Amino acid sequence: MLAPITHVLGARPNFVKAAPVIRALAALGNRQRVVHTGQHYDERLSDVFFVQLGLPEPDVNLGVGSGSHAQQTAAAMTGLEQDFTEHPPGLVVVYGDVNSTVAAGLVAAKLHIPMAHVEAGLRSFDETMPEEINRRVTDQLSALMFATSPEAIGYLAKEGRPVDGIHLVGNPMIDTLMANLDRFDTAAVRAELGLPERYVVATLHRPANVDDPEIASGLVQALHEIAAVIDVVIPVHPRGRAVLEAAGLSAHKGIHAVPPLGYLEFMGLVRGAAAVATDSGGVQEETTLLRVPCLTVRPNTERPITITHGSNRLITSAELASAVLKACDDGPYTGELPPLWDGQAGPRIGRIITDWLARDG
Ligand code: UD1
Ligand code: UDP
């Protein structure tokens with residue numbers, strides 16, 4: 001029997017990106033395994049995505065859980081080494097830039113197993129972000145690199161990656177969005193959460209925004225300023241819950257702080273929002289496709305195409321309230337969208353991997 005293609009998934013954004021790739025590879029008759037590292041383990045950060053997106057149940061969950069970067073990466077590496085040794089993959093496929101991604105890369109490389117990186121070549125050039133380190137290292141270890149935007153190709157080539165392994169394929173996160181558009185029910189989610197017709201969605205989970213109580217407090221004040229004019233719904237990531245609540249997040253009646261939402265509910269809300277304030281990577285892309293104004297509370301982004309070909313703008317905490325309120329008045333983005341964000345990234349990746357395995361695997 002042919003060695004399987006093994007997908008390593010660990011955290012919420014991985015699940016959204018993997019669904020169309022796994023589906024496309026299955027349609028082409030490939031044998032696949034799914035290894036969940038267990039980096040995210042709450043039902044609302046993990047299981048709900050498998051159910052809503054029709055992902056296959058993981059063959060194994062390594063139960064890595066939370067911890068420091070070293071603890072989490074080391075636990076994932078130990079579990080993955082054993083799994084890859086017991087079930088040798090023909091190819092390992094990893095997604096994005098989380099700790100589980102780089103852990104899989106290091107293990108695969110040392111076991112001489114080829115690897116494909118979905119969402120390769122994104123760069124924020126901000127080495128204070130753990131994700132930037134994870135991206136760079138993962139790309140160095142990958143034989144196949146699937147890029148979501150053209151500038152990634154230049155970055156990868158400049159870092160010495162072989163050009164024949166780099167493929168511009170579009171964006172699998174957008175595949176998932178387009179495939180599920182008919183399932184987003186904005187009115188139903190609004191009714192369930194008691195939201196008026198016009199509202200703003202906010203998400204905050206970057207360490208630089210939610211770990212420091214003073215910074216978090218500045219953001220909460222800005223959200224209160226917005227909520228004085230238009231209701232704000234914020235599905236709160238567990239990372240920032242305690243600090244944001246301690247800063248008084250829920251104290252304003254116009255703030256709807258809710259637990260993390262399932263994909264369909266969350267995207268239903270985003271689609272109907274007057275504007276979105278975020279520090280998420282994926283949300284910058286999803287708002288681009290939906291043409292919903294997006295204000296990103298970060299000094300940089302690894303996704304500049306969402307600014308040049310989308311609704312995204314980088315802002316500081318001090319600008320947050322005025323920028324969001326202005327964006328609500330400005331209305332939807334009407335310009336060009338990024339090339340190849342057409343819902344076909346999964347099938348493109350599927351074909352390239354299948355051909356590569358037949359030739360080089
Ligand atoms: C991780 C990724 C980040 C990604 C985010 C998506 C890394 C370095 N970071 O950040 O790039 O944007 O996921 O959401 O890989 N927790 C729970 N339940 C869970 C998981 C986590 O309560 O199921 C809490 C724990 O207190 C944990 C904290 O959240 O310590 C942070 O979790 P962790 O996986 O370390 O990083 P994220 O901030 O989720
Ligand atoms: N998401 C969701 N429910 C939420 C928040 C986010 O379903 O309450 C989805 C959404 O599709 C988003 C993805 O999860 O793009 C990844 O989210 P996150 O912001 O956690 O990760 P990042 O993209 O910043 O790594």
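Nothing fancy with the numbering, it's 1 onward along the sequence. Just so it is clear, the structure is predicted and the values come from calculations on it, not from any experiment.
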Q: Could you walk me through whether L177 and M267 pass side-chain contact (heavy atoms from CB on, under 4.5 Å), step by step?
A: CA-CA 8 Å; L177 178 55; M267 292 313 308; 3.7 Å; yes
Q. Considering the options V92, L80, D59, which one meets the side-chain contact (heavy atoms from CB on, under 4.5 Å) requirement together with V35?
A.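 One option only clears the test, and that one is L80.
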Q) Among L340, L289, T288, which residue meets the side-chain contact (heavy atoms from CB on, under 4.5 Å) test with I174? A)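 So, applying the side-chain contact (heavy atoms from CB on, under 4.5 Å) to I174 and each of L340, L289, T288, only L289 qualifies.
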Q | Gap separating the NE2 atom of H237 from the CG atom of L45, nearest 0.5 angstrom | A |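 Rounded to the nearest 0.5 Å, the NE2-CG separation comes to 5.5 Å.
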Q.
For the OG atom of S250 and the NE2 atom of H224, what is their distance to the nearest 0.5 Å?
A.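 That separation rounds to 7.5 Å.
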Q. After noting the C-alpha distance and the side-chain angles of D279 and T296, does the key distance pass the side-chain hydrogen bond (donor to acceptor under 3.5 Å, both in side chains) rule?
A. CA-CA 5 Å; D279 56 12; T296 298; over 6 Å; no
Does a donor on one side chain and an acceptor on the other come within less than 3.5 Å for [X] and [Y]?
{"X": "Q72", "Y": "S66", "value": "no"}
{"X": "Q82", "Y": "E86", "value": "yes"}
{"X": "R12", "Y": "N14", "value": "no"}
{"X": "S217", "Y": "E214", "value": "no"}
{"X": "T101", "Y": "N134", "value": "no"}
{"X": "T148", "Y": "N171", "value": "no"}
{"X": "T278", "Y": "Q284", "value": "no"}
{"X": "N180", "Y": "R183", "value": "yes"}

(Q) In this structure, would V292 and I230 fall into the same cluster of hydrophobic residues linked by side-chain contacts under 4.5 Å? (A)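 No, V292 does not connect to I230 through the hydrophobic network.
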Taking the side chain as everything from C-beta on, heavy atoms only, tell me whether [X] gets closer than 4.5 Å to [Y].
{"X": "D231", "Y": "V200", "value": "no"}
{"X": "P4", "Y": "Q32", "value": "no"}
{"X": "S149", "Y": "L122", "value": "yes"}
{"X": "T176", "Y": "P172", "value": "no"}
{"X": "P235", "Y": "F266", "value": "yes"}
{"X": "L9", "Y": "P58", "value": "no"}
{"X": "L141", "Y": "L106", "value": "yes"}

Q: Determine whether the aromatic ring centres of Y199 and H256 lie less than 6.0 Å apart.
A: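 That pair fails the under 6.0 Å test.
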Q. Given the side-chain rings of F125 and Y155, with only the six-membered ring counted for Trp, is the space between their centroids under 6.0 Å?
A.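 Yes.
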Q. Above 12 or not: heavy atoms from other molecules or residues under 6.0 Å from CD of Q140?
A.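 More than 12 heavy atoms, drawn from other residues, nucleotides or ligands, come within 6.0 Å of this atom.
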Q.
Just checking D182: does its CG atom have more than 12 heavy atoms from other residues, nucleotides or ligands closer to it than 6.0 angstrom?
A.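 No, not enclosed.
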Would you call [X] and [Y] a salt bridge, taking side-chain N to carboxylate O under 4.0 Å as the test?
{"X": "R348", "Y": "D342", "value": "yes"}
{"X": "R351", "Y": "D355", "value": "no"}
{"X": "R239", "Y": "D211", "value": "yes"}
{"X": "D97", "Y": "R135", "value": "yes"}

Q) Yes or no on side-chain contact (heavy atoms from CB on, under 4.5 Å) for W341 and I305, after CA distance, side-chain angles and deciding distance? A) CA-CA 11 Å; W341 285 22; I305 200 153; 3.9 Å; yes
Q: Please assess D83 against R33 for the test salt bridge (Lys or Arg N to Asp or Glu O under 4.0 Å), listing each intermediate value before the final yes or no.
A: CA-CA 11 Å; D83 186 83; R33 290 184 79 244; 2.7 Å; yes
Q) For G65, does its backbone N or O pair with a side-chain atom of Q39 as donor and acceptor, under 3.5 Å? A)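 No; judged by distance alone, with no hydrogens or angles, the pair does not exist.
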Q: Would you mind listing every salt bridge (charged side-chain N to carboxylate O under 4.0 Å, His left out) that reaches into residues 281-296, with sequence neighbours excluded?
A: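 The answer is E285-R303.
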(Q) Per the salt bridge (charged side-chain N to carboxylate O under 4.0 Å, His left out) rule, what does the pair list look like for residues 150-160, sequence neighbours excluded? (A)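 Matches after skipping sequence neighbours: R123-E159, R136-E159.
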(Q) Testing the basics here: between A274 and R198, what is the closest heavy-atom pair and its distance to 0.1 Å? (A)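 Looking at all heavy atoms of both residues, the shortest contact is CB-NH1, 3.8 Å.
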Q.
Looking at every non-hydrogen atom in both residues, tell me the closest pair between L269 and V201 and how far apart they are.
A.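 Taking every non-hydrogen atom into account, O-CG2, 3.9 Å.
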Q.
ring pair (Phe, Tyr, Trp, His ring centres under 6.0 Å), that's the test. Do F15 and H36 meet it? Break it down for me.
A. CA-CA 10 Å; F15 312 138; H36 190 325; 5.2 Å; yes
**Q.** Worked verdict on V64 versus T78 for side-chain contact (heavy atoms from CB on, under 4.5 Å)
**A.** CA-CA 10 Å; V64 163; T78 306; over 6 Å; no
Q.
Using side-chain contact (heavy atoms from CB on, under 4.5 Å), reason through E131 and V98 one step at a time and then give a plain yes or no.
A. CA-CA 6 Å; E131 292 83 1; V98 303; 5.8 Å; no
